[in-house]
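For clarity, every value in this text was computed on a predicted model and none was experimentally measured. Residues: numbered from 1 along the sequence shown.
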Amino acid sequence: MAGRFAPRPTRATVRGGQVAVPAGPAAGIPRQPAAPARVRRWVPEGPLDLGLTLGPLRRGPGDPTFRAAPDGSVWRACRTPAGPGTLRVRAYGGEVLGEAWGPGAAWLLDGLPALLGAADDADAFVPRHRVVALARHRRPGLRLTRTGLVLESLIPSVLEQKVTTVEAYAAWRMLVRKFGEPAPGPAPGRMYVMPAPRTWALIPSWEWHRAGVDDKRASTILRAVRVAARMEEATGMEPDAARARLEVVPGIGPWTSAEVVQRSHGAADAVTVGDLHLPGIVGWALAGDRTADDAEMLRLLEPYAGQRHRAARLILLSGRVPPRRAPRMTVGDIGRL
């Protein structure tokens with residue numbers, strides 16, 4: 001009914017689009033004055049590139065839980081077992097400085113070495129192809145991160161199922177900003193901690209629709225958050241056992257579980273199967289075969305058994321991708337239906 005409701009206030013995004021101003025729980029929680037930060041200094045063994053190591057945790061431009069600052073520092077807003085927390089990481093002079101705020105500050109600092117790849121045995125990797133060897137030589141600071149958190153990787157991975165990354169990233173931004181809470185401490189910009197499991201479970205169906213999330217993906221997330229404690233227990237398991245635990249939830253398959261344990265466990269061998277582009281990229285880089293399927297990709301990566309995910313990451317970093325022959329996948333928007 002025209003004129004019955006006041007127009008929803010909007011703000012311009014970086015790309016000039018329009019999104020709704022958050023009106024959920026986050027909108028009613030003012031950002032608190034920054035308390036003194038907890039601090040931890042850590043010296044990594046060997047080179048460390050913060051951008052390469054922590055980059056997989058960023059879900060697209062404008063991710064409200066992640067910021068890479070101009071000074072080279074990286075900010076993360078997390079929901080830890082101890083509560084919300086904000087972490088700032090800086091590297092200089094061979095040393096890493098971690099600063100954290102909020103109830104989860106101590107937990108974040110305890111896990112700082114693992115987050116930056118302290119448990120990652122990069123020396124176990126032996127390049128078998130020139131493309132991989134060159135990529136490794138050019139990226140000596142690559143380490144596989146281990147967050148020790150499952151849901152923060154599981155939920156955005158489910159959002160990325162069967163849609164373009166543009167759609168998935170937009171849905172993540174909208175839902176976190178609207179139903180999350182402001183990041184503790186002096187976080188830059190509009191950083192938010194993702195919603196708690198109960199909050200995810202209470203998101204109305206029409207809000208999923210507005211975010212462009214279909215019923216299948218929304219239902220998978222709802223099933224996962226209802227057993228959130230069991231999901232988080234997977235961090236204490238070996239990657240294969242953790243993947244089996246995750247895949248018990250209907251809607252979570254091998255693609256999603258691999259994407260999760262790559263981040264939550266730093267799983268060096270959890271190669272992503274079922275991806276639309278990865279088999280063709282691996283096939284093109286290692287054998288000049290742009291039509292490679294999952295089976296062929298796994299055959300080509302067999303020499304890297306135990307380190308297949310690292311090999312795939314190095315191939316992606318090499319820039320060796322097949323030339324495009326078809327238009328990009330069409331971006332949908334169910335929010336307009």
Side-chain angles (χ1 to χ4, degrees), residues 14 22 25-26 29-120 122 140-153 155-156 172-173 176-177 180-196 232 235 263-266:
V14 174
I29 304 176
R31 195 175 296 277
Q32 299 298 318
R38 290 175 176 261
V39 178
R40 178 175 183 178
R41 298 180 185 275
W42 178 67
V43 179
E45 295 183 6
L48 172 66
D49 187 313
L50 288 180
L52 289 177
T53 301
L54 300 180
L57 304 180
R58 181 182 186 181
R59 302 294 180 158
D63 183 348
T65 69
F66 188 102
R67 289 288 187 278
D71 63 0
S73 62
V74 174
W75 293 76
R76 267 174 42 82
C78 307
R79 184 168 296 282
T80 76
T86 302
L87 176 67
R88 181 192 189 193
V89 184
R90 291 182 289 170
Y92 56 90
E95 183 180 64
V96 171
L97 174 65
E99 302 169 273
W101 296 265
W107 190 94
L108 288 170
L109 293 180
D110 287 343
L112 180 64
L115 182 72
L116 300 180
D120 178 31
L142 172 65
R143 296 291 181 269
L144 300 183
T145 184
R146 178 170 184 164
T147 65
L149 298 169
V150 169
L151 284 183
E152 76 163 21
S153 294
I155 292 174
W172 174 248
R173 287 195 303 268
V176 172
R177 287 174 178 166
E181 58 188 90
R190 295 172 60 84
M191 289 192 69
Y192 289 87
V193 176
M194 79 168 196
E232 295 295 352
T235 59
R263 297 165 173 83
S264 62
H265 289 68

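The distance from the OG1 atom of T145 to the CG atom of L50 is 10.5 Å, given to the nearest 0.5 Å. Put simply, NE2 on H265 and CG on L149 are 11.0 Å apart, with the number rounded to the nearest 0.5 Å. L97 CG to R40 CZ: the interatomic distance, rounded to the nearest 0.5 Å, is 11.5 Å. M191 CE to T86 OG1: the interatomic distance, rounded to the nearest 0.5 Å, is 6.5 Å. The CG atom of D63 sits 9.5 Å away from the CZ atom of R76 when rounded to the nearest 0.5 Å.
R263 places no side-chain N or O within 3.5 Å of a backbone atom of S153 that could act as its donor or acceptor partner. A donor-acceptor distance shorter than 3.5 angstrom exists from the side chain of D120 to the backbone of L144, with no hydrogens or angles considered. A donor-acceptor contact shorter than 3.5 Å links the side chain of E232 to the backbone of V150. Side-chain atoms of R59 do not come within 3.5 Å of backbone N or O of P56 as any donor-acceptor pair.
The nearest pair of heavy atoms linking A82 to G104 is CB-CA, 4.2 Å. For T147 against S264, the heavy-atom pair with the smallest separation is OG1-CA, 3.4 Å. Across V193 and A183, no two heavy atoms sit closer than the pair CG2-CA, 4.0 Å. Taking each heavy atom of S73 and R90 in turn, the nearest pair found is CB-CG, 3.2 Å. Contact between G85 and L108 at its shortest, heavy atoms only, is C-CD1, 3.7 Å. Here the closest non-hydrogen pair linking R143 and G117 is CB-CA, 3.9 Å.
In this structure, the side chains of L87 and L115 come closer than 4.5 Å at one or more pairs of heavy atoms. Looking only at side-chain heavy atoms (C-beta outward), E99 and P186 stay at 4.5 Å or farther from each other. With a 4.5 Å cut-off on side-chain heavy atoms, L54 and L116 count as touching.
Summarising the local packing, CZ of R38 is surrounded by 12 or fewer heavy atoms from other residues, nucleotides or ligands at distances under 6.0 Å.
A salt bridge links R79 to E181: one of the charged nitrogens lies within less than 4.0 Å of a carboxylate oxygen.
Pairs engaging residues 49-83 under the ring-ring contact (aromatic ring centres under 6.0 Å, His included) rule: W75-W101 [sequence neighbours left out].
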